[in-house]
Amino acid sequence: MRFQTAVPLVLLLLPAPLPAQRFGFTHQMLPADADDSRAVALGDVDGDGDLDAFVGVTGQDRLVLNDGAGVFSDVTSTNLPPLSGATKAVSLGDLDGDGDLDAFVGNSGQDRLEFNDGTGVFTDATGTNLPALFDDTSAVALGDVDGDGDVDAYVGNGSSNPLQNRLYLNVGNGVYADVTATNLPALLDNSWAVALGDVDGDGDLDVFVGNFGQDRLHLNGGTGAFADVTTTNLPVVLDATFAVALGDVDGDGDLDALVGNYGQQQRLHLNGGTGTFTDVTATNLPVLVDWTNAVALGDVDGDGDLDALVGNNGQQNRLQLNAGGGTFADATGGDLPPLVSETTTAVVLGDVDGDGDLDAFLGSGSSGLYLDRLYLNQGTGAYTDVTATNLPALVDNTWDLALGDVDADGDLDVFVGNFGQDRLYLNGGTAMFADATATNLPALIGATTSVALGDVDGDGDLDTFLGGAQERLYLNGGTGLFADATGTNLPGSADPTQAIALGDVDGDGDLDAFVGNGGFQGRQNRLHVNSGTGVFADVTATNLPAVLDGTFDVALGDVDGDGDPDALIGNWSEPDRLHENDGTGAFADVTPTNLPILSDATRAVALGDVDGDGDLDGFVGAGSGFVERIYTNLSRQLAWRGIPRAGKLQVLDLWGPGNGTWLLAASAGSASVPVPSVGTLRLLPSTLFIVAGGTLDPQGRADVSFPVPANPALVGLSLYWQALVGPPLRFTNLEIATVTNL
């Protein structure tokens, strides 16, 4: 079992709430390093037909060569000049006109030119070919701006202090002259992103500059002399821009601009055709910069796949609907009231009104006293707020919720974990809830941060395991009347518990407890094993890796398909972790090989089969302006390696069991046909055809390549792909490849 992550190509530059899994990487395909990397450029530097990576580092830059299967080897010591600097930008292009890719390296100090000998061995040509100018470069864009057939360089400066950007014209053979004074507007900016493209349709390359502050548009007069048209052609927006991409996003034949900002809403500017841009962010882009506290997965729209309800901190909560292959679209709309003055701390999905769909119970609190909320589903994922009529009007500071039938009357009740007195709301059967706290719960004023319901003592009813400053265990008498058994049944603990997950980790038939500790502090997580009667023993020292993390959430599930529950751990101060269970409740940390190493600020994790291939994927919600992520499980997976392009080679990557077999098929449309024991066929049977088959390598990988015809009529057409891998034979996810003319 391996995971890949759905991550943006450039920081926060996403056209949908969650990008598809095709941009993910497995960590073991790259050499290990501990560099402070600031820039990466991909290109075939050694001429063998695959993409290599030039990595800009604070210190010695790195070069890693691709073996053709996406496995990289570090050749820095033999192929790069031994130069130490603070690289912030790298761009690859044929600077000296000899047919291979050279490197223009932007530094905090002297920028550098490094020429390629054709085999991926670089030499430093800075001293002879580039003016000696000490700038603070954060962005480099290469292109023929003066129309003489060679590659020029536009350099964005001023990452910490406002500086003049620069234009270097190539006067032949990679020798550059600084023409900033004559060819660029005299402007002092903090420029972090630069993109070249013909935005006004006159046949030359213009410049879109992303700044801390107002972005800028410079139009080319045809000879590389630029005029600033920002005030007339760009919307007035004062953002902190980190990334810019130009492309025809609305299909009208001109270049639009997608702008990625730091800790702010990304923006989409549509081009009117002559380089005049209109900001359509509010209508055309989902708002993605959230502080997420809670995530719940469930099929809320009844189409057979898992959707996501996301609870945010003082921001709009979100409903993200799954298109069927693990690609999500923001469907928040008006069905989830903004309530931006509140902080959603917990989200649970369940059919509380008995009509067969998933309703939503949301807990509010954290820094203030708020009403918890109940949203009833109309059957298609459209929600109605019934808080005022169906919930007791109680103002609490809620941190977690759990749904379950605690009084054995056939409907879902809710246990509310608060900073203060916890609460129990009993369901009357039609989602009308009554407060039974005073009669059914111990009167304890505490700080509950997590709630888990499960039959821990084996008597057939749901008990409650609570996490907080003090872990607590409430045993159910059978009708929802709870007694505190903490002193006799739980090990003593003074950890700041943030998450509790119940599951039979040791295979003895009862529910054990995986305890996530830390939050903003580094603490050891804990494992409490159940004797069978609800008496727990702490086996952390022998059964859990000794790791100090800042854990905010834990999800248990069989991610490696061996029949026991593993643990996906969401951390704030450290990368998320994956602990695999050996079947006896002893966990091993497989994070370095099986999970992307990403230092996000994770507040919520959920496991579920979001792409429909039969294994458990991870949905991760993060705080402090980080994007949500999907960890796609590579137990069986199909993904295209690069954007499908007319006239180019298309490569599909397959994952499955080591030394297993694979069969790849395609069709002109999609379907949903259950096939017992194999999964769901998502290809349209009437147009299905077999493409290829073969054997997976010992690591469980294979790839298939085919040329896409250079036919303009194919642009915009989609082909649907799915594979069988095994043993045992199981369908992979559905992969859709739409031909582009990029």
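Heads up: numbering here begins at 1 and tracks the sequence. The shown structure was predicted, so the numbers you read here are calculated from the model rather than taken from an experiment.
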- Output, in order, the C-alpha distance, side-chain angles, deciding distance and verdict of side chain to side chain contact (heavy atoms under 4.5 Å, CB included) for Leu638 and Leu652. CA-CA 7 Å; Leu638 176 66; Leu652 289 168; 4.1 Å; yes

- Message: Applying side chain to side chain contact (heavy atoms under 4.5 Å, CB included) to Asp206 and Asp204, what does each step give before you reach the verdict?
- Response: CA-CA 7 Å; Asp206 310 299; Asp204 53 43; 3.4 Å; yes

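Side-chain atoms of Thr738 never come within 3.5 Å of backbone atoms of Gly716 as a donor-acceptor pair (strictly under, hydrogens ignored). Proximity of a side-chain donor or acceptor of Gln320 to a complementary backbone N or O of Val310 within less than 3.5 Å is not detected. Between the side chain of Asp256 and the backbone N or O of Leu268, no donor-acceptor pair lies under 3.5 Å. The main-chain N or O of Gly614 is found under 3.5 Å from a side-chain atom of Arg636 such that the two form a donor-acceptor pair. Side chain of Asn116 to main chain of Val45: a donor-acceptor pair is present (N/O by atom type, distance under 3.5 Å, no hydrogens or angles). Checking side-chain atoms of Asp239 against main-chain N and O of Thr241 turns up no donor-acceptor pair under 3.5 Å. Although no hydrogens or angles enter the test, the distance criterion places a donor-acceptor pair under 3.5 Å between the side chain of Asn170 and the main chain of Leu95.
To the nearest 0.5 Å, the span separating CG on Leu246 from CZ on Phe208 amounts to 7.0 Å. Atoms CG and CD, from Asp61 and Glu114 in turn, are 6.5 Å apart once rounded to the nearest 0.5 Å. With values rounded to the nearest 0.5 angstrom, Asn633 atom CG is found 9.0 Å from Asn594 atom CG. For the atom pair CG of Leu683 and OG of Ser670, the computed distance is 8.5 Å after rounding to the nearest 0.5 Å. Interatomic distance, Ser672 OG to Leu734 CG, rounded to the nearest 0.5 Å: 10.0 Å. Once rounded to the nearest 0.5 Å, the distance linking CD1 of Ile736 with CH2 of Trp640 reads 10.5 Å.
Tested against Phe122 for a ring pair (Phe, Tyr, Trp, His ring centres under 6.0 Å), the candidates Phe104, Phe54, Phe115 yield a single pass: Phe54.
In this view, Arg216 and Asp189, Asp228 satisfy the salt bridge (Lys or Arg N to Asp or Glu O under 4.0 Å) rule, not counting sequence neighbours. Checked against side chain to side chain contact (heavy atoms under 4.5 Å, CB included), Thr119 has the following partners two or more places apart in sequence or in another chain: Asp117, Val121.
Taking the side chain as every heavy atom from C-beta outward, Val207 and Val194 approach each other to under 4.5 Å. Annotation: side chain of Leu717 is not in contact with side chain of Val715 (no heavy-atom distance under 4.5 Å). Counting heavy atoms from C-beta outward, Arg645 and Thr740 have side chains that approach closer than 4.5 Å. Contact check for Tyr631 versus Asp576: side-chain heavy atoms found under the 4.5 Å cut-off. Side-chain contact check for Arg62 versus Phe72: every heavy-atom pair is 4.5 Å or farther apart. You'll find the side chain of Asp653 reaches within 4.5 Å of the side chain of Arg701, heavy atoms only.
The heavy-atom pair separating Ala606 from Val295 by the smallest distance is CB-CG1, 4.1 Å. The minimum heavy-atom distance between Asn233 and Gly275, with the atom names listed, is ND2-O, 3.0 Å. Contact detail for Leu568 and Gly618: the closest heavy-atom pair is CD2-CA, 4.0 Å. Here the closest heavy-atom approach between residue Val704 and residue Ala692 is recorded as CG2-CB, 4.3 Å. Closest of all the heavy-atom pairs between Ala53 and Val40 is CB-CG1, 4.5 Å. Pairing each heavy atom of Thr687 with each of Gly669, the nearest pair is OG1-N, 4.0 Å.
Note on residues 191-203: pairs passing side chain to side chain donor-acceptor pair (under 3.5 Å), not counting sequence neighbours, are Asn165-Ser191, Ser191-Asn211. The salt bridge (Lys or Arg N to Asp or Glu O under 4.0 Å) pairs that include a residue from residues 702-719 are Arg641-Asp703, where partners are two or more places apart or lie in different chains. Evaluation of the side chain to side chain donor-acceptor pair (under 3.5 Å) test over residues 91-104, restricted to residues two or more places apart or in two chains, returns none.
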For residues 720-731, which side-chain donor-acceptor pairs fall under 3.5 Å, sequence neighbours excluded?
residue : atom : partner : partner atom : Å
Gln722  : OE1  : Arg682  : N            : 2.8
Gln722  : NE2  : Thr680  : O            : 3.0
Gln722  : NE2  : Thr732  : O            : 2.9

